[in-house]
Amino acid sequence: MRKSKALSALTFLAIGLFLLGLSNFVDELRVYQGAQIAVYVIAISSIILLTGYSGQISLGHGALMAIGGYAAVLSYTYWHLPVLLAFTVGALAAALGGFILGMAAARLSGPYLAGTTLALAVGLPSLANQFHILGGEGGLSFDIGEAPKWIANKTGGDFTQYKWFFWVSTVCALVTIWFIKNLLQSRFGRTWRAVRGNPSAAALSGINIGRSKVLAFTVSSALAGLAGALLAMLLGLVAPMAFTLTLSFTLVTGAVLAGVTNLAGSIVGAVVLVVIPEITDVVATHLGGSEKITANLPGLITSVLLILTVIFAPNGPKLHIRKKVHN
Amino acid sequence: MSALDVKDLSVSHGAITAVKKLSFSIEQGQLAAIIGSNGAGKTTLLRALSGLIPSSHGTATWNGKSLLGEKPEDLVRAGIVHVSEGKSVIPELNVKENLALGGIWRKDKKDVAVATEEVLELFPRLRERLQQSADTLSGGERQMLAIGRALIARPQLLLLDEPSLGLAPLIIEQIFEAINQLRHRLNLTVLLVEQNAMSALKIADVGIIINVGSLVTSGPSKELLADANLRAAYLGY
Amino acid sequence: MIIIDTLLIGLSSGAIYALMALALVLVWRSTRVVNFAQAGQAILSTYLGYEVMNRTHSYWISIPFAIVGGAAIAAFIDAVILRSLAKRSHKGSVSEIAPVIATLGLLGLIRSLTGMIWGNAYVQYISPLSGKGYMIGKHTIPFSPQNLIIVIGALLVMGIFATIFKFTNLGLALRAASFQPEISRLAGIRVDRIRTIGWAFAGAAGAVAGALVTPTTYLSPNSLDLLLVSGFVAAVIGGLDSLIGAVLGGLLLGVGFAFILQYIGASVTFSAAFIILIVVLFVRPRGILGSKVGRRDA
């Protein structure tokens, strides 16, 4: 048991070093997209944890990301916290929000929970316009600065800011997946699966279903908050525009594409989400499309993918293929 | 050729085969009682015959036409009406509306009115409660309402699932008496599924005894009632 | 005087919330799905109205087009997307949430489509009626001819629905199919078809809401998102299952918002909606008029 844990930690370390090394050999745009993928991986895994393992739906993770993003930026700007600590504050703030939401969620069944979280996703970002400290529509800028000298010097070469973003988000993503993986194998993970599979049996065997659901919501929200803080870092700001309803939908799409019970699938989902705009850009340019088409093509493709996936491969494309092979 | 002909019929519930290679037939105008204990596959059989669930094997025909693979709403139009288990009424609607459902698809509105009147003659208690919500009815009244609704569709084959379930003995007798009268008056063919073997066999022409999805025996109900071994093993009295 | 003014504001916005809530409840009753695509459907039908108005220069002609369009879009969505989803609903981790996710996908799809066709910028869908409040003596009340038509339109829709549901065979079939689909099939009702008609009614109600409210604001691919949330809150207040509840919920929410806006300020409107939603769900999850009769076999 302990040996396999050490082994898996080693694997993660190896993947991490490989990715970080890779960042030296590709151009800036790809490095930035790599960082985007890492952020999506975190956000999508937070939904997989919630929906796939604890059986709760959230259409409001964009709002939880907003909480994380704003909290990180505010604590960085006003309290002058170190970046990593600011990220932690972001995660904790979102966890608090998620805890409160989870308290409500534990008592709500599917449609009510979906609607409530949707209300949060639509409404919460607009709060930024109401409070001066949140910077209104324009938002607040967020500059985490260059990489520390000791890292930049060790790697040699030109250590750009994008590369620094990539390093930070990749490390966070790896730690997140490693954390969730272990969490799912722990007592909590087993409890979630039990509740998901058969709530009444779980209750009979002494599991406190409410507590288990709230915990899942809290952990998931903390991860969403971290993703929000990282997104703010990538964008260089937090603003209502960054955390729209579309973001919440995108995350659900990513999770469905990943196969909601497939943690490793979060990488597939994240890559697809980053690649789609890239492809549609090329397509739109080739077609000589107007700005209307270019701006809306990614949304169109994502939505169509989402609909097709739930109709034809509701357990995620990957699982679907595996099933076919078995048959 | 028999009116209702079931051959080698198998029906599965996921991994469980609830009806296994069952064969039986009923003549026009007969009342057949399907007897079996809880879990014998009786309800599953009726649900397959009325199109609610698919069958996995075998055939079932009504006057030569296959029943399997048809939708319940089409079978109703062809005269095959299923009164499902547990007083199949809609509690959110009142008695009048529940009755109206029986003829909602029919073009001949005059005959719907005639049929409704006949049902109200047969079950006068329903007339007293026309405006009441079906939720407020007693178990026996609900069963009357469910059968009444089925009659308004002018059925030829009536599939009745445990009309006696949860009713007091006196009410059961009334309901069965009504069923018996009806089928003679309207020349109905009736497939009656029952756990209450005694009451059912008393009014039935033939009895079909099934156990865990398979046929045990079938024959004229009088003979079944007289068979001491069967009585001990399956009829439970 | 201020109280009456506030009530009037609430009445007009409440009528719109009620229409949206009606649309959500109609679909919920027939399909057991909260149809998040409803905001998109209403937007698309409003754009249809906008397009017709641009050609005919008549707001009044454009409204029936929007309504028929809204009904057709809804029927199409149910018959094509949701029916094939139901056919393929495997027992799987996602099967329970698949319909909800499909409606989300549809919302995204419709938004992108409208954005592609009409652009993301705000456009005006103008009513010939004045948006200026009536004068009573020297006092201008915050209730304009357009507000009046909103209330009348909403009442008309509700009246038509009530008549259909209470007095026609179609209405009886709609109610029966939503309460007990299986028994309804055994009674000979073509439940699939009836369900699609229910969706079409919902689509029409949403279209009326969109076509009536848009002249008071502006039109863009996501200009009805907040209305979707208000409609949902109103539907939950009403019990999600009850058509009358949806109307009452909408009016209560409209009046409640108006008072909050008047006495506390715009900054808390969203928080208030959210808090109202949570409180209702905690205190009275069945809503004020949720069905007392449980679905016994569900």
Side-chain angles (χ1 to χ4, degrees), chain A residues 51-53 55 57 59 100-101 104 107-112 114-116 118-124 126-127 129-131 196 244-246 248-250 252-253 256 259-261 289-293 295-312 314-316 319, chain C residues 24 28 32-34 36 39 81 84-85 87-90 92-121 221-222 225-226 228-230 232-233 235-236 240 265-271 273-274 277-278 281-282 285:
Chain A
T51 307
Y53 290 94
I57 189 170
L59 310 180
I100 296 167
L101 194 59
R107 297 185 46 170
L108 301 182
S109 56
Y112 295 103
T116 309
L118 177 88
L120 193 69
V122 172
L124 191 80
S126 68
L127 277 185
N129 295 329
Q130 317 286 358
F131 298 99
R196 174 101 184 69
T244 54
L245 188 56
T246 312
S248 293
F249 288 3
T250 307
V252 173
T253 310
V256 172
V260 283
T261 52
S290 65
E291 195 261 325
K292 283 178 189 172
I293 297 202
N296 289 298
L297 202 55
L300 185 82
I301 306 277
T302 327
S303 313
V304 170
L305 262 180
L306 179 60
I307 296 170
L308 292 180
T309 312
V310 283
I311 294 182
F312 294 106
N315 292 319
L319 224 67
Chain C
L24 292 174
W28 169 256
R32 300 283 143 194
V33 180
V34 175
F36 294 119
I81 311 263
S84 58
L85 197 63
K87 262 187 215 136
R88 298 172 151 274
S89 75
H90 314 276
S93 46
V94 202
S95 65
E96 316 145 32
I97 55 167
V100 172
I101 292 184
T103 67
L104 277 184
L106 280 165
L107 179 55
L109 176 64
I110 296 175
R111 277 172 162 208
S112 321
L113 273 180
T114 46
M116 276 186 178
I117 301 171
W118 289 282
N120 291 347
N222 52 11
D225 282 358
L226 276 169
L228 176 70
V229 172
S230 312
F232 177 75
V233 177
V236 169
L240 205 55
S267 60
V268 296
T269 325
F270 162 69
S271 327
F274 198 69
L277 178 64
I278 297 279
L281 286 173
F282 269 75

Counting heavy-atom pairs under 4.5 Å with chain C, the top scorer among Pro298(A), Gly299(A), Gly115(A) is Gly115(A)
Looking only at Ile278(C), Asn120(C), Val34(C), most heavy-atom pairs under 4.5 Å shared with chain A are made by Asn120(C)
- Determine whether Asn222(C) and Leu245(A) make a side-chain contact, defined as any pair of heavy atoms from C-beta on separated by less than 4.5 Å. no
Applying a strict 4.5 Å limit to non-hydrogen atoms, the region of Leu297(A) in contact with chain C is both
Rounded to the nearest 0.5 angstrom, the OG1-CG distance for Thr114(C) and Asn296(A) is 7.0 Å
**Prompt:** Do Leu118(A) and Phe232(C) come close enough that some side-chain heavy atom pair is under 4.5 Å?
**Reply:** no
Of Ile57(A), Leu120(A), Thr302(A), the largest count of non-hydrogen pairs under 4.5 angstrom with chain C goes to Leu120(A)
Validation row: Arg111(C), Leu300(A) side chains within 4.5 angstrom (heavy atoms): no
Honestly, the part of Leu107(C) sitting under 4.5 Å from a heavy atom of chain A is side chain
Query raised in the report: So do the side chains of Leu240(C) and Tyr112(A) get within less than 4.5 Å of each other, counting heavy atoms only?
Result: yes
Rounding to 0.5 Å, atoms OG1 (Thr116(A)) and CG (Leu277(C)) come to a distance of 4.0 Å
Residues Ser112(C) and Ser303(A): closest non-hydrogen pair is OG-OG, 4.3 Å
From the list Leu59(A), Ile307(A), Thr253(A), Val310(A), side-chain contact (heavy atoms from CB on, under 4.5 Å) with Leu104(C) holds only for Leu59(A)
Q: Answer yes or no: is there a side-chain heavy-atom contact under 4.5 Å between Leu109(C) and Val304(A)?
A: yes
When the 4.5 angstrom heavy-atom criterion is applied to Ile100(A) and chain C, the contacting part is neither
Whatever's closer than 4.5 Å to a heavy atom in chain A on Ile110(C) counts as neither
